Amino acid sequence: MKNKLIHVWENIPITRKLFLEIAVTAVVLFSSNLFIYAQINQMVERMNSVYMSNVNLNELSDSLSNVQNYMYRYLQVKDSESLTNYYRAEQDLRMLLEGLNVSVTDNQIQILEKNIRNMSDSYLAITDETVQAKRGQNVEKYKVSYESALKLYRFIGNDVSVLNSLQFKNNSASYQTLQAALQYLEVISSIILVIVMITSITVMMMITKDMVTPLINLAHTAKLVGEGNFNVKVPSVQAGDELGIVTGTFNQMVESLDEYVQKIKESAEKEQEMKERELLMENHLKEAQLKYLQSQINPHFLFNSLNAGVQLAMMEDAEKTSVFMEKMADFFRYNVKKGSEDATILEEVETVENYIYILNVRFAGDIQYSSSINEGALNITIPSMTLQPLVENAVTHGIRNIEWPGKIHLSVEDREDEIEIRIEDNGKGIDEETLERIRAGRQNGDKKESTGIGIYNVISRLRLYYNYDDIFHIFSEGEDKGTTIVLRIPKRGGVSYVSDIGGG
């Protein structure tokens, strides 16, 4: 019979063996803990109720003080809020008084409770009389009643303190007794729990020994195989469970593992080499693209603006010409200095303002420019020459040659995790086909009439710099309804390719 049971146990699946062992152990431990918890919980509940009488007396004392304070406040200010609070406190005190003793007894504590209740009833009657006298504006009566209530209030407070002290002494003795009993119960519970745990662990170790030994052998052999020794095998297991199947399969696997590992190593080396080459080529390609795009700023604006400056010097005073040339110098100094660096949004905004000033000198103030800038975003860095090409695009393809006053508005908002930049104009607008082409970053074949290489340059540089496609948005409701460009700049650094441009 014993051999039959052993045979049955060996052929039970491991999951079921583990479940049986854990289930039996858990039931024993749970039953022990439940018994201990029930005993300790009963003791704790008894300890918690020991000082309840003191808690009730404290509540009674607080409620008595509230009645006195609210009555006094009402006598002082005679407002409805104080009167309402007084009646509420009076109701609370009456409810607490219901718990005090009213019967005749020779117990000192119960005698004090009866005295407190009787005096409190008298006190509440006097306070009501005082409040009513105040409401009836009977000054002499409410003063006399208030003095009587104050004396009775002090007597009650003194009796409450005495009663609280007596109950505290009695409760302290009871609490110490219960505390000693609780400590004894904790010791007994700990001993029981230790005995149950030791017994359960011993039984589990005896039951799982036969199941764990093959796993230990398998782990030891697997470690040797992991170290490169493929000449070892796991001792055979006669059981018909998963361990017997695993050990047999493992021994078969070890025979061909050496050759397989060698193939994996060769494949991994080749794959790593290909990834390194691909990454290097991608970096070179991005760097070349950025250098190409950064170099495409239109030079014709410089010559046209300088010609306008010369003409202005001939027609106007030197002061205006000086301001104009200063703005020109700032604008082109920024282009030269920042062509290969990042820039703050503050620098970009100042460049836009210089650019608008120059245009207004050239074209007699045709452009109405406004801006709303969140100062918290001014120190955020972005690729240089980002905003000016977009404003230039709005001027050239939006408001130039329109029959109404041209307006451009620049706004910078600091969002939760991004900076939103908007450039809005009230110009010619853009049809849907052209909008889709701009969003896709495709240039028009006719560069003279296209939306400009500038806007394509900005889109491409931003997407390469931040490695993020959803950064540029353009909207227009149609012909003569203006255009809005929105940039959503992430509050994180881009890939610093731009800083390397210009070196060759």
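Here the structure is a predicted model, which is why all the values come from computation and not from measurement. Computed over heavy atoms, backbone and side chain alike; hydrogens, waters and symmetry mates excluded.
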Under the side-chain contact (heavy atoms from CB on, under 4.5 Å) criterion, do Gln272 and Glu269 qualify, and how do the steps go?
CA-CA 5 Å; Gln272 182 64 26; Glu269 290 174 357; 5.9 Å; no
Minimal non-hydrogen separation, Ser371 against Glu353, with atom names
OG-OE2, 4.4 Å
Which pair of heavy atoms, one from Ile489 and one from Leu462, lies closest together, and at what distance?
CD1-CD2, 4.5 Å
Pair Asn85-Ser82, side-chain donor/acceptor within less than 3.5 Å:
no
Go through the side-chain N and O atoms of Ser65 and Asp62 and say whether any donor and acceptor fall under 3.5 Å apart.
no
Hey, is the main chain of [Y] close enough, under 3.5 Å, to the side chain of [X] for a donor-acceptor pair?
{"X": "Asn393", "Y": "Pro389", "answer": "no"}
{"X": "Glu348", "Y": "Thr386", "answer": "yes"}
{"X": "Ser476", "Y": "Gly429", "answer": "no"}
{"X": "Ser63", "Y": "Glu59", "answer": "no"}
{"X": "Arg461", "Y": "Met385", "answer": "yes"}

side-chain contact (heavy atoms from CB on, under 4.5 Å) between Tyr369 and Asn360: does it pass, once the steps are laid out?
CA-CA 10 Å; Tyr369 169 76; Asn360 277 331; 5.5 Å; no
Side-chain heavy-atom pair [X], [Y] within 4.5 angstrom cut-off:
{"X": "Phe475", "Y": "Arg439", "result": "yes"}
{"X": "Phe472", "Y": "Ile485", "result": "yes"}
{"X": "Ser411", "Y": "His409", "result": "yes"}
{"X": "Ile408", "Y": "Val395", "result": "yes"}
{"X": "Leu390", "Y": "Leu487", "result": "yes"}
{"X": "Tyr465", "Y": "Pro383", "result": "yes"}
{"X": "Val349", "Y": "Ile373", "result": "yes"}
{"X": "Asn69", "Y": "Tyr74", "result": "no"}

Rounded to the nearest 0.5 Å, what's the gap from [atom1] on [X] to [atom2] on [Y]? Could you check?
{"X": "Ile430", "Y": "His397", "atom1": "CD1", "atom2": "NE2", "result": "9.0 Å"}
{"X": "Ile471", "Y": "Arg488", "atom1": "CD1", "atom2": "CZ", "result": "10.5 Å"}
{"X": "Glu271", "Y": "Ile264", "atom1": "CD", "atom2": "CD1", "result": "10.0 Å"}
{"X": "Tyr86", "Y": "Gln91", "atom1": "OH", "atom2": "CD", "result": "11.5 Å"}
{"X": "Asp414", "Y": "Ile380", "atom1": "CG", "atom2": "CD1", "result": "6.5 Å"}
{"X": "Leu378", "Y": "Ile419", "atom1": "CG", "atom2": "CD1", "result": "9.5 Å"}

Can Thr351 and Tyr355 be said to form a side-chain contact (heavy atoms from CB on, under 4.5 Å), step by step?
CA-CA 6 Å; Thr351 301; Tyr355 173 74; 5.5 Å; no
Please determine whether the number of non-hydrogen atoms from other residues, nucleotides or ligands lying under 6.0 Å from atom CD of Glu477 exceeds 12.
no
Would you say NZ of Lys481 has more than 12 non-hydrogen atoms from neighbouring residues, nucleotides or ligands within 6.0 angstrom?
no
Does the distance from a Lys or Arg side-chain N to an Asp or Glu carboxylate O, for Glu433 and Arg437, drop under 4.0 Å?
no
Tell me which donor-acceptor pairs under 3.5 Å the side chains of residues 420-428 have, and how far apart each pair is, sequence neighbours excluded?
from   : atom 1 : to     : atom 2 : distance (Å)
Glu420 : OE2    : Arg415 : NH2    : 3.2
Glu420 : OE2    : Arg422 : NE     : 3.0
Asp425 : OD1    : Gly427 : N      : 2.9
Asp425 : OD1    : Thr483 : N      : 3.3
Asn426 : OD1    : Lys407 : N      : 2.7
Asn426 : ND2    : Pro405 : O      : 3.0
Lys428 : NZ     : Arg400 : O      : 3.4

Please list, chain by chain and in numerical order, all residues satisfying ring pair (Phe, Tyr, Trp, His ring centres under 6.0 Å) with Tyr72, sequence neighbours excluded.
Tyr146
Candidate pair Ile399 and Ile367, rule side-chain contact (heavy atoms from CB on, under 4.5 Å), full reasoning:
CA-CA 8 Å; Ile399 65 174; Ile367 302 172; 3.9 Å; yes
